[in-house]
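Here is the structure we will look at, set down as structure tokens.
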Amino acid sequence: QVQLQESGGGSVQSGGSLRLSCVASGNTSSSYCMGWFRQAPGREREEVARVSDFAGRLRPRVTLDSVKGRFTISLDNAKNTLYLQMSSLEPQDTAMYYCAADPQGRCGVIEDFGSWGQGTQVTVSS
């Protein structure tokens, strides 16, 4: 089991920046997949970005088209910490952001992500 704890959310004006952090603890492994998801009120949960770690080979990628060029995902394997750097924030980015992990490293469908954090709220005002 992997426990995840997000932090870094808050309120920011349009155009501002935030960096979200997710600390993983428990049964972490050398190969796994982690990702960021978000859910706005009245909308379905959507994947933002993910990063896989296969024996030290990191592959970070942003999967949500609307945030490409503005968001960056990274993983500090030594600290078991996942980051989401968000720049040029827009009101449409307002959502609850969740960190998730697939300890098996399949990095496939959302069902593969068996561990989830409680979420951190990001609010962007116009």
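All values below were derived from every heavy atom in this structure, side-chain atoms included, with hydrogens, water molecules and symmetry-related copies excluded. Treat the numbers as computed from the prediction; the structure is a model and nothing was measured.
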Report the distance from atom [atom1] of [X] to atom [atom2] of [Y], rounding to the nearest 0.5 Å.
| X | Y | atom1 | atom2 | value |
| --- | --- | --- | --- | --- |
| Arg50 | Arg59 | CZ | CZ | 9.5 Å |
| Ser126 | Glu90 | OG | CD | 12.0 Å |
| Ser21 | Leu84 | OG | CG | 9.5 Å |
| Glu46 | Thr63 | CD | OG1 | 9.0 Å |

Does the [X] side chain pair with the main chain of [Y], one donor and one acceptor, at a distance under 3.5 Å?
| X | Y | value |
| --- | --- | --- |
| Ser52 | Cys107 | no |
| Asp76 | Thr81 | no |
| Glu6 | Gly119 | yes |

Exercise for review: List the steps and the verdict of side-chain contact (heavy atoms from CB on, under 4.5 Å) for Leu20 and Met86.
Suggested key: CA-CA 8 Å; Leu20 307 183; Met86 305 183 295; 3.7 Å; yes
Can you hop from [X] to [Y] via hydrophobic side chains spaced under 4.5 Å?
| X | Y | answer |
| --- | --- | --- |
| Leu58 | Trp36 | yes |
| Ile73 | Tyr98 | no |
| Val124 | Tyr97 | yes |
| Trp116 | Met96 | yes |
| Leu64 | Leu75 | yes |

To check you understand the geometry: which heavy-atom pair defines the closest contact between [X] and [Y], and what is its length?
| X | Y | value |
| --- | --- | --- |
| Ser88 | Ser17 | N-OG, 4.2 Å |
| Ala24 | Leu4 | CB-CD2, 3.6 Å |
| Gln3 | Gly26 | OE1-CA, 3.6 Å |
| Ser66 | Arg38 | OG-NH2, 3.7 Å |
| Thr123 | Gln121 | OG1-NE2, 3.5 Å |
| Val12 | Leu18 | CG1-CD1, 4.1 Å |

Exercise for review: Mind telling me whether Phe37 and Phe113 have parallel, tilted or perpendicular rings, with 30° and 60° as the class edges?
Suggested key: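 Judged by the thresholds at 30° and 60°, the geometry between Phe113 and Phe37 is perpendicular.
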Exercise for review: Inspect the surroundings of CZ in Arg61 and state if more than 12 heavy atoms from other residues, nucleotides or ligands are less than 6.0 Å away.
Suggested key: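 Yes.
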**Study point:** Heavy-atom check, side chain of Leu89 versus side chain of Phe71, under 4.5 Å
**Key:**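 SC-SC contact between Leu89 and Phe71 confirmed.
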Point to revise | Lys/Arg N to Asp/Glu carboxylate O, Asp93 vs Arg70, below 4.0 Å | key: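 Salt bridge: yes.
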Review point. What's the verdict on side-chain contact (heavy atoms from CB on, under 4.5 Å) for Met34 and Cys99, showing C-alpha distance, side-chain angles and the deciding distance?
Key: CA-CA 7 Å; Met34 300 184 70; Cys99 174; 3.8 Å; yes
